Amino acid sequence: MTDEKNNIIIDFAAHLQSVEENYKMIQILDENGKIVNSDLLPDLSDEQLVQLFKDMLWSRALNDRCTILSRQGRLGFFGPTAGQEASQLASYLAFEKNDFLLPGYRDFPQLVKHGLPLHKAFLWSRGHVEGGQFPENLNAILPQVIIGAQITQAAGVGLGIKKRGKKQVVFTYTGDGGSSQGDFYEGMNFAGAFKAPVVFFVQNNQYAISTHWRKQTAANTLAQKAAAAGIPGVLVDGMDPLAVYAVSKAARDYALAGNGPVLIETYTSRFQPHSLSGDDPKLYRDEASFAEWEAKDPLIRTRIYLTEKGLWDKDQEEDLIKQFDKDILEEVKIADNAPKQKVSQFLELMFEKPTQILKEQIEYYKNKEGD
Amino acid sequence: MAQLTMIQAITNALDNALEKDENTMIFGQDVGLTGGVFRATQGLQAKYGEERVFDTPLAESGIGGLAVGLAFENFRPIPEIQFFGFVFETMDAIVDQMARTRYRTGGTRTMPITIRSPFGGGVHAPESHSDSLEGLMAQTPGIKVVIPSNPYDAKGLLLASIEDNDPVIFLEHMKIYRMSKEEVPEEYYTVPLGKAKVVFEGTDVSVVTYGYMVHEAVKAAKLLQEEGVSVEVIDLRTVSPIDVETIIVSVEKTGRLVVVQEAQRQAGVGAAIMAEIAERKRAILALKSPIGRVSAPDSIYPFMLAENDWLPDAQKIIDKVKEVIHFD
């Protein structure tokens with residue numbers, strides 16, 4: 001055999017390109033508020049469109065208030081969400097109240113929309129046990145802190161739902177960093193093998209704290225990582241609420257019909273640091289990129305779109321945001337009044353019934369705590 | 001009643017559990033069609049169907065995550081980790097997820113998961129198959145670690161583990177899977193978790209151990225009896241939580257204590273027992289001699305041709321008991 005013959009057995013570059021061609025970004029509403037792909041325009045009523053915009057405004061208001069609270073030292077961990085409103089709220093809109101949500105730590109907006117009282121989100125951030133005491137009928141788990149662990153769990157919840165024959169879908173979120181984890185692949189692969197009704201979201205906000213997603217993978221998109229698990233993967237403009245909703249809704253329908261899981265990459269941007277605990281984006285982002293991405297702000301394009309449709313009047317926005325902030329601050333007050341926590345209480349939470357040695361420790365702490 | 005080996009008793013227990021509670025389900029690598037590499041789940045898929053007994057992809061972390069997710073859907077999962085030496089791949093699912101769920105959710109969600117797994121040395125298994133990692137697990141708050149030493153206890157402890165509403169690591173020593181048979185009731189019964197058992201009564205020295213080492217300790221006790229030394233052997237059965245009270249009662253009687261573990265000496269269950277005894281007045285004041293410890297040395301689990309030189313055995317226990325009795 002000659003070298004030339006070896007070379008033409010497989011054209012590796014062409015092979016790779018043919019894979020990547022299947023993962024073109026889907027956009028419906030561009031950054032100027034214009035519909036660029038009317039074929040895919042989702043079937044949303046005027047009321048739904050307005051509500052979605054209000055939800056995104058609420059999320060921004062929550063982000064802004066949390067940023068202030070954080071700087072005042074009145075929150076614990078806080079992962080800013082500004083810039084990701086379309087990715088988070090428009091995807092959420094595609095799901096139903098009884099669907100099961102496994103969020104990442106930046107996904108409180110969806111969790112609150114799903115039914116978590118907001119003050120519990122503040123308590124979680126501050127480090128209070130009541131922050132994890134979710135209402136019994138809330139189909140969601142606490143935000144996952146171990147990056148990617150929710151992906152394998154989502155496969156489990158999905159398999160459980162399937163075994164129970166329930167008409168529900170599981171939806172879970174991670175980031176670009178999460179797509180580097182082994183659990184990300186294991187979870188997608190398990191869900192695929194079991195045909196579990198799960199929609200996996202990778203919110204590619206481009207940075208895993210400071211490491212750009214391009215430095216984390218040779219893959220040209222994160223959506224194409226689905227191919228290895230034999231499941232569909234779709235790349236969507238994560239700043240475009242119409243595209244995010246349309247794709248999410250289609251994915252939910254597909255999963256609900258028993259076809260198995262879908263991976264959706266929402267290509268987005270966080271406008272603020274990873275967290276307000278010392279991260280400085282200037283160390284890893286150039287100045288121009290902030291302005292570039294702020295121009296793509298989902299709020300700007302949605303506002304233009306709704307205004308041109310005669311559905312929105314900018315004058316109403318200021319009062320709405322003031323009302324959001326007032327409501328948010330009411331929830332902060334509830335969190336402020338949470339009872340002082342006790343070590344004895346933590347020990348009692350280790351098992352259904354305390355063990356021999358735990359009983360001694362509970363007694364010791366209860367005496368100290370004066371109960 | 002039937003004469004069963006430990007592995008048969010385990011299969012029988014799983015059969016009882018699947019029959020009793022429709023929320024139980026068994027899954028893991030090769031557990032369905034073949035019944036697992038040790039045949040612990042043999043026949044169960046045929047009897048209960050693929051919905052409840054099924055094979056998973058080869059990924060321990062995925063298996064752990066699957067168990068957590070299924071528990072959120074109110075199932076009672078009984079996953080198998082094919083060999084406990086592979087547990088590191090799923091440490092997050094166990095330590096950071098299952099063990100913390102009751103705590104993180106303020107008691108509103110629980111993880112009634114029983115992870116079964118073979119472990120232990122002396123069976124000429126390949127690398128990373130034989131380690132005794134129970135100390136590592138016992139260091140984790142929020143999980144229980146159970147290690148049976150015989151067929152009767154294996155069944156009762158396994159059913160108690162499955163009934164338990166908190167996560168349990170159930171470790172099955174490979175060397176006793178088919179070592180001997182004993183009478184095991186066919187019907188459902190439990191042996192309480194967290195309760196040790198005196199398996200050989202004596203008055204001169206208490207030997208506390210678990211798993212396969214119970215057999216070596218009883219062998220040592222019988223040999224020492226011939227020399228006029230009366231050894232009491234305690235089988236912990238659960239290594240987390242430790243039944244300190246049973247040990248103290250024994251030590252009050254004998255005045256001497258030797259702890260025996262197959263695991264390496266550093267940290268570990270043996271060290272925890274020594275510390276629990278040393279810091280309790282009732283126990284320490286009853287002691288007539290320093291506490292003795294028999295363990296494997298602090299090397300990596302040895303190459304299999306040398307494992308019998310490395311593992312603790314009856315002779316090493318006899319030597320230590322004599323040392324403790326004649327310490328001055």
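Keep in mind the model is a prediction, meaning the values are calculated, not measured. Here is how names work: the chains are called A, B, and so on, in the same order as the sequence lines, proteins then strands, and each is numbered from 1.
Within the 4.5 angstrom heavy-atom criterion, only backbone atoms of B:E50 (N, CA, C, O) approach chain A. Contact annotation for B:R100: neither backbone nor side-chain heavy atoms come within less than 4.5 Å of a heavy atom of chain A. In this structure, chain B has no heavy atom under 4.5 Å from any part of A:Y185. Contacts between A:K166 and chain B at a heavy-atom distance below 4.5 Å involve the side chain alone, from C-beta outward. For chain B, the nearby part of A:Q356 is the side chain; its heavy atoms alone come within less than 4.5 Å. With a 4.5 angstrom heavy-atom cutoff, B:E245 touches chain A via backbone and side-chain atoms both. Contact annotation for B:D164: neither backbone nor side-chain heavy atoms come within less than 4.5 Å of a heavy atom of chain A. Of the two parts of B:D96, only the side chain, counted from C-beta on, holds a non-hydrogen atom closer than 4.5 Å to a non-hydrogen atom of chain A. Contacts between B:I63 and chain A at a heavy-atom distance below 4.5 Å involve backbone atoms as well as side-chain atoms. Proximity to chain B (any heavy atom under 4.5 Å) is restricted, for A:E360, to the side chain, taken from C-beta onward. Only the backbone of B:D55 comes within contact range of chain A, with at least one heavy atom under 4.5 Å from a heavy atom of that chain. Using a 4.5 Å cut-off between heavy atoms, A:Q153 touches chain B through backbone and side chain atoms alike.
Atoms CG and CD, from A:L101 and A:Q150 in turn, are 10.0 Å apart once rounded to the nearest 0.5 Å.
Counting only heavy atoms from C-beta outward, the side chains of B:S206 and B:I247 never approach each other to under 4.5 Å.
A salt bridge between A:D336 and A:R126 is present, with a side-chain N of the basic residue lying under 4.0 Å from a carboxylate O of the acidic one. A salt bridge does not link A:K163 with B:E73: none of the charged nitrogens is closer than 4.0 Å to a carboxylate oxygen. Ion pairing between a basic and an acidic side chain is recognised when a charged N comes within 4.0 Å of a carboxylate O; A:E369 and A:K340 show no such pairing. With respect to B:D235 and B:K197, no salt bridge is recorded, no charged nitrogen being found less than 4.0 Å from a carboxylate O.
Comparing A:L159, A:I151, A:N189, A:L102 by heavy-atom pairs within less than 4.5 Å of chain B, the highest count is held by A:L159. Options B:P57, B:A59, B:A99 differ in how many heavy-atom pairs under 4.5 Å they form with chain A, and the most are formed by B:P57. The greatest number of non-hydrogen atom pairs below 4.5 Å with chain B, out of A:I161, A:L358, A:V145, is found for A:I161. Taking chain A as the reference chain and counting heavy-atom pairs below 4.5 Å, the highest number among B:T101, B:T110, B:I143 is found for B:I143.
At most 12 heavy atoms of other shown residues, nucleotides or ligands fall within 6.0 angstrom of atom OH in A:Y364. For B:E252, the CD atom sits in a packed shell: over 12 heavy atoms of surrounding residues, nucleotides or ligands are nearer than 6.0 Å. Within 6.0 Å of OH on A:Y365 lie no more than 12 heavy atoms contributed by other residues, nucleotides or ligands.
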Could you pull out every donor-acceptor pair under 3.5 Å between side chains of residues 131-143 of chain A and any protein atom, sequence neighbours left out?
| residue | atom | partner | partner atom | Å |
| --- | --- | --- | --- | --- |
| A:Q133 | NE2 | B:G106 | O | 2.9 |
| A:N139 | ND2 | A:N98 | O | 2.9 |

